[in-house]
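So the structure is just underneath, and the comments pick up after that.
Being a predicted model, the structure only gives us computed values, none of them experimental.
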Amino acid sequence: MQHDVHHDALYYPSASRRMTTFGKRGMVATSQPLAAQVGITILQQGGNAVDAAIATAAALTVVEPTSNGIGSDAFAIVWVNGKLHGLNASGQAPKAATIEAMKALGHDRIPSHGMLPVTIPGAPAAWAALSERFGRLPFAELLAPAIALAEEGFAVTPVIHQMWAEAVHTYAAYDDPAFTAWFDTFAPNGRAPQPGQIWASPGHAESLRAIAETRAQTFYTGELAERIDAFSREHGGLLRKEDLAGYAPEWVDPIGVRYQGHDIWEIPPNGSGLIVLQALGMLDQLEESSDTVETLHRRIEATKLAYMDGFKHLTERGAMAHTTEQLLSDEYLKSRAALIGEQAVDPTHGNPFQGGTVYLATADEEGNMVSFIQSNFHGFGSGMVVPKTGISLQNRGSSFSLDPDHANALAPHKRTYHTIIPGFITKGDQAVGPFGVMGGYMQPQGHVQVVTGLLNDGLNAQAALDMPRWKWVEGKTIEVEADFPNHLALALARRGHKIVKVADSISFGRGQIILRNAESGVLQGGTEPRTDGAVLPL
């Protein structure tokens with residue numbers, strides 16, 4: 001009698017190595033292989049990089065629901081016809097969301113779960129806006145692969161299983177009927193699907209089909225908006241159909257700094273890309289050192305100092321006391337860089353923690369490239385799922401402060417400080433390529449490490465992602481991955497850093513990179529070894 005061989009999909013006693021990937025006609029890199037395959041299929045059907053990004057993003061709501069969903073926010077940086085365009089599709093707080101309302105409900109801070117931290121989701125509107133302005137194929141065709149995946153099901157991948165199991169544990173702690181729909185949708189047997197187990201979501205498919213047919217209007221003014229409104233009212237939420245109906249994503253000009261002869265671009269606030277640019281700007285003020293420990297110490301210190309400013313100043317642009325130009329001025333960055341000394345400093349702001357986000361990068365043979373990110377914030381988000389729709393709602397509003405004097409204080413129709421940040425590199429008038437590292441407050445730190453790896457250390461796209469990462473947590477505490485070189489950890493400790501080695505790498509971010517060779521046009525891509533990622537070429 002034959003028996004199936006059972007393998008542990010999360011057990012790897014030997015280190016793996018993957019090579020950087022090259023392609024000529026196009027490329028898609030993201031955190032789940034089926035989603036990358038969807039993007040490549042769209043390119044093969046004549047779609048451009050924007051079409052591929054939309055299709056990949058929609059597919060990710062199905063195959064990686066642990067990090068994003070139809071109820072997510074999104075940001076994008078798009079290179080089309082030799083020019084960069086930014087899209088901010090983060091949603092505002094509901095009109096009824098006031099500090100007074102939260103305190104009247106007995107809260108001194110906004111809860112992480114339930115309906116109260118739910119803000120207006122922007123992802124469906126982002127897909128429609130990108131398609132309308134830059135897409136080539138019909139919008140409905142772009143969502144068709146995601147619909148098929150939701151209807152027919154897919155085999156769950158290992159890292160996504162791991163995050164799914166953590167979510168089951170998190171939401172099981174609530175004795176609240178509001179969470180019933182989450183369990184009905186994502187854990188009907190009270191447990192997460194195992195690696196390799198088939199999971200399907202017919203309700204998710206129906207919602208995506210309605211979004212495809214209406215170019216997302218149903219989500220903001222139609223039947224899905226009505227169902228979101230009804231669920232919110234039933235479970236004490238503040239989000240209403242009027243909030244959804246008034247929503248539109250914002251086209252913005254990316255902000256950037258010159259670094260190592262390249263321009264590094266991010267989305268302006270309320271996104272936290274400013275932190276990346278400040279850190280790189282500080283490093284650019286310092287003379288390069290040939291000492292590995294000194295170089296690493298400076299990168300950590302610059303990132304910490306940038307975070308001090310980020311946590312203090314970043315919020316909706318109109319509510320900021322200082323402009324991005326002031327915070328990125330050479331004079332100001334020089335004064336901040338002067339604070340970097342031999343020993344670790346003890347900053348006063350921030351306590352970074354893990355988040356739930358998906359990032360993707362696409363490129364086509366015409367030279368178009370997309371850096372796209374969407375997120376439910378903490379894993380599945382609020383734990384709120386509109387029954388029989390597959391719509392998991394984000395908990396982005398939990399980032400707001402209930403201190404009225406704080407820059408990021410809650411206010412009606414205000415956008416909160418946002419962790420998700422797509423990145424892009426250009427040189428002269430040429431696109432070098434999109435990059436991103438998902439993972440909550442790890443994201444700016446991951447951007448700094450990837451950019452310095454590429455431009456200072458001369459690493460290829462895959463090697464830049466493979467490098468052992470560090471993560472500032474708070475004060476002088478730096479977490480490092482288990483394979484972080486011990487001699488560097490000891491050297492940093494002698495400089496006053498409190499080094500903590502962490503066995504599991506899942507909290508150190510998950511990134512993707514696509515770079516284009518200016519002379520040959522050949523694409524080079526890397527994908528994240530810390531997740532189930534794939535980079536597929538044409």
- Item | Residues K414, T315; criterion side chain to side chain contact (heavy atoms under 4.5 Å, CB included); working and verdict | CA-CA 9 Å; K414 182 180 181 181; T315 186; 3.1 Å; yes

- Message: What I want to find out is whether K304 reaches E301 closely enough, with some N-O distance under 4.0 Å, to be called a salt bridge.
- Response: yes

- Hey, is the main chain of I421 close enough, under 3.5 Å, to the side chain of Q443 for a donor-acceptor pair? yes

- Which residues satisfy the side-chain hydrogen bond (donor to acceptor under 3.5 Å, both in side chains) test with D263, sequence neighbours excluded? R258

- Note on the structure: Q37 meets the side-chain hydrogen bond (donor to acceptor under 3.5 Å, both in side chains) criterion, sequence neighbours left out, with none

- Side-chain donor or acceptor of S329 paired with backbone N/O of Y332 under 3.5 Å: yes

- Query: Sequence neighbours excluded, which residues qualify as salt bridge (charged side-chain N to carboxylate O under 4.0 Å, His left out) partners of R495?
  - Reply: E294, E342

- Taking all non-hydrogen atoms of both residues, which atom of L305 and which atom of I340 are closest, and how far apart? CD1-CG1, 3.7 Å

- Assess whether atom CG of D253 is packed by more than 12 heavy atoms of other residues, nucleotides or ligands within 6.0 Å. no

- Approximate separation, where rounding is to 0.5 Å, of S371 OG and L87 CG: 12.0 Å

- Value for CZ (F424) from CE (M369), rounded to nearest 0.5 Å, stands at 5.5 Å

- Which pairs, with at least one residue in residues 46-62 and sequence neighbours excluded, count as a side chain to side chain donor-acceptor pair (under 3.5 Å)? T61-H204

- Any donor-acceptor pair under 3.5 Å linking the side chain of T303 with the backbone of R299? yes

- Message: Run E474 and K498 through salt bridge (charged side-chain N to carboxylate O under 4.0 Å, His left out) and show every step you take.
- Response: CA-CA 10 Å; E474 61 182 352; K498 181 182 177 183; over 6 Å; no

- Between E288 and R298, is there a salt bridge with N-O shorter than 4.0 Å? no

- Can you tell which of L60, L149, T157 makes a side-chain contact (heavy atoms from CB on, under 4.5 Å) with L34? L149

- Are any of the side-chain heavy atoms of F219 and P121 separated by less than 4.5 Å? yes

- Item | Polar side-chain atom of T30 near backbone of Q32 as donor-acceptor pair, under 3.5 Å | no

- Residues in side-chain hydrogen bond (donor to acceptor under 3.5 Å, both in side chains) contact with H413, at least two apart in sequence or another chain: D243

- Item | Residue pairs, two or more places apart or on separate chains, that pass salt bridge (charged side-chain N to carboxylate O under 4.0 Å, His left out) and touch residues 420-432 | none

- Message: If you apply the rule side chain to side chain contact (heavy atoms under 4.5 Å, CB included), what do you find for L492 with I300, and how did you get there?
- Response: CA-CA 10 Å; L492 289 171; I300 292 171; 4.0 Å; yes

- How would you list, by chain and number, every residue that makes a side chain to side chain contact (heavy atoms under 4.5 Å, CB included) with S90, sequence neighbours excluded? D73, F75, N88, N270, R415, H418

- Task: Indicate yes or no for a side-chain donor-acceptor contact from Q462 to the backbone of T527 under 3.5 Å, with no hydrogens or angles considered.
- Result: yes

- Note on the structure: Sorted by chain and residue number, the salt bridge (charged side-chain N to carboxylate O under 4.0 Å, His left out) partners of E141 (sequence neighbours excluded) come out as none

- side chain to side chain contact (heavy atoms under 4.5 Å, CB included) filter on T21, not counting sequence neighbours, yields M27, V535, P537

- Those residues at least two apart in sequence (or on a different chain) that pass side-chain hydrogen bond (donor to acceptor under 3.5 Å, both in side chains) with W79 are none

- Item | Separation of Q524 CD from L454 CG (nearest 0.5 Å) | 8.0 Å

- Task: Using distance alone, with no hydrogens and no angle criterion, decide if T119 and Q394 have a side-chain donor and acceptor under 3.5 Å apart.
- Result: yes

- Between E479 (side chain) and W470 (backbone), is there a donor-acceptor pair under 3.5 Å? no

- Should the pair R215 and F139 be classed as cation-pi, given the thresholds of under 6.0 Å to the six-membered ring centre and 45° from the axis? yes

- Just do the side chain to side chain contact (heavy atoms under 4.5 Å, CB included) check on Y259 and T452 with the steps written out, would you? CA-CA 9 Å; Y259 183 74; T452 55; 3.5 Å; yes

- Message: Check D309 with R336, please: is the shortest side-chain N to carboxylate O separation under 4.0 Å?
- Response: yes

- Message: Can you see whether E266 engages H447 through a side-chain donor-acceptor pair at a distance of less than 3.5 angstrom?
- Response: yes

- Query: Could you state the interatomic distance from OG1 (T41) to CG (L43), rounded to the nearest 0.5 Å?
  - Reply: 9.0 Å

- Item | Side-chain donor or acceptor of R516 paired with backbone N/O of V522 under 3.5 Å | no

- D504 side-chain N/O to S507 backbone N/O, donor-acceptor pair under 3.5 Å: no

- Message: Looking only at side-chain N and O atoms, does S72 offer a donor or acceptor that is under 3.5 Å from a partner on R396?
- Response: no

- Could you tell me whether the side chains of N68 and E64 share a donor-acceptor contact shorter than 3.5 Å? no

- Taking only Lys NZ, Arg NE, NH1 and NH2, and the carboxylate oxygens of Asp or Glu, determine whether R530 and E481 approach each other closer than 4.0 Å. yes

- Message: Using the rule given for side chain to side chain contact (heavy atoms under 4.5 Å, CB included), can you reason through V451 versus F435, listing the C-alpha separation, both sets of side-chain angles and the distance that settles it, and then say yes or no?
- Response: CA-CA 9 Å; V451 170; F435 71 95; 3.6 Å; yes

- How about T416 and S399: does a side-chain donor come under 3.5 Å of a side-chain acceptor? no

- Query: So Y220 and Y247, would you call those rings parallel, tilted or perpendicular, with 30° and 60° as cut-offs?
  - Reply: parallel

- By salt bridge (charged side-chain N to carboxylate O under 4.0 Å, His left out), E325 pairs with (sequence neighbours left out) none

- Query: To the nearest 0.5 Å, what is the distance between OG (S272) and CD1 (I420)?
  - Reply: 9.0 Å

- Task: Step by step, work out the ring-ring contact (aromatic ring centres under 6.0 Å, His included) result for Y417 and F400.
- Result: CA-CA 7 Å; Y417 169 106; F400 278 118; over 10 Å; no

- Message: Determine whether a donor-acceptor pair (N or O, by modelled atom type, separation under 3.5 Å) exists between the side chain of H406 and the backbone of N408.
- Response: yes

- Item | salt bridge (charged side-chain N to carboxylate O under 4.0 Å, His left out) pairs, two or more places apart, involving residues 24-44 | R25-E365

- Item | For the student: nearest non-hydrogen atoms of S398 and N395, plus distance | OG-O, 2.8 Å

- Here the gap from T531 atom OG1 to Q512 atom CD, rounded to the nearest 0.5 Å, amounts to 8.0 Å

- So, does D291 use its side chain to make a donor-acceptor pair with the main chain of V293 at under 3.5 Å? yes

- Message: Students often mix this up, so state it plainly: with edges at 30° and 60°, are the rings of F311 and W472 parallel, tilted or perpendicular?
- Response: tilted

